[in-house]
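Note that the coordinates shown come from a computational prediction; the quantities given were computed from them, not determined experimentally.
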Amino acid sequence: MFRMLGESYNGYVFMLAFLLIVVYLYITEKKFTLLGTDNHKFRDNCTLMIGVFIVYVFQGYIHIGTGTFNVLGVFFAVLFFLLTFHTNQLIIDYFRKANAKNNSK
């Protein structure tokens, strides 16, 4: 996306990424409020921010205009996203068990 827009649009892409992060933080807050726990919220939010920062720096500043795609940067970012995906899977499993108990009664 950075290569398509060029260097002059880095600020717009950064604002879009910031807006998406704010939306993610809001959804995460609602998700953990409904679950009734805050066990992994801080960890998930920090690791997501680090992952987005890695993608932004590697793709936006290091590889912009080079014509190559930085697989290593995206790989490291995905490693940070895995914790969030794991927490979401735990929440899904929790609600499936709760629904199974309610449906069996």
Side-chain angles (χ1 to χ4, degrees):
M1 181 168 179
F2 291 106
R3 277 182 265 128
M4 291 184 324
L5 297 175
E7 291 182 22
S8 61
Y9 292 100
N10 274 351
Y12 295 121
V13 173
F14 182 73
M15 286 190 299
L16 177 65
F18 181 75
L19 178 66
L20 291 174
I21 288 173
V22 169
V23 169
Y24 169 80
L25 292 174
Y26 176 76
I27 290 171
T28 301
E29 180 66 32
K30 289 294 183 184
K31 175 176 62 177
F32 282 108
T33 301
L34 289 173
L35 186 60
T37 184
D38 287 337
N39 293 344
H40 302 292
K41 184 170 59 173
F42 181 74
R43 180 197 69 184
D44 286 355
N45 291 341
C46 287
T47 58
L48 182 94
M49 298 284 189
I50 292 169
V52 168
F53 179 75
I54 288 171
V55 169
Y56 184 74
V57 168
F58 274 82
Q59 292 302 118
Y61 285 108
I62 295 175
H63 279 266
I64 192 164
T66 61
T68 61
F69 187 73
N70 186 8
V71 176
L72 188 61
V74 173
F75 175 74
F76 283 129
V78 168
L79 287 178
F80 282 101
F81 297 155
L82 287 178
L83 291 172
T84 301
F85 296 144
H86 178 66
T87 302
N88 288 342
Q89 188 61 44
L90 291 175
I91 291 171
I92 289 169
D93 292 342
Y94 171 78
F95 281 117
R96 282 186 182 157
K97 289 178 186 175
N99 284 336
K101 286 180 185 178
N102 289 335
N103 290 337
S104 66
K105 291 182 182 182

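Contact detail for Gly51 and Ala77: the closest heavy-atom pair is O-CB, 3.4 Å. Across all non-hydrogen atoms, the minimal contact from Phe76 to Phe80 is O-CD1, 3.1 Å.
For the atom pair Asn45 CG and Ile50 CD1, the distance stands at 11.0 Å (nearest 0.5 Å). Remark: Thr87 OG1 to Ile92 CD1 distance equals 11.0 Å, nearest 0.5 Å. Atom OG1 of Thr28 is separated from atom CD1 of Ile21 by 11.0 Å, given to the nearest 0.5 angstrom. Between the CE atom in Met49 and the CD1 atom in Ile54 there is a gap of 13.5 Å [rounded to 0.5 Å]. Here NZ of Lys97 is found 6.5 Å from CG of Asp93. Values are rounded to the nearest 0.5 Å.
Looking at residues two or more places apart in sequence or on another chain, you find no side-chain hydrogen bond (donor to acceptor under 3.5 Å, both in side chains) involving Thr47. For Tyr94, the side-chain contact (heavy atoms from CB on, under 4.5 Å) test picks out Leu35, with sequence neighbours left out. Applying the side-chain hydrogen bond (donor to acceptor under 3.5 Å, both in side chains) criterion to Asn99, with sequence neighbours excluded, gives no partner residue.
At a threshold of 4.5 Å between non-hydrogen side-chain atoms, the residues Leu48 and Phe81 count as touching.
Placement of Leu19 and Tyr24 in two distinct hydrophobic clusters is found when ILVMFWY residues are connected by side-chain heavy-atom separations under 4.5 Å, directly or transitively.
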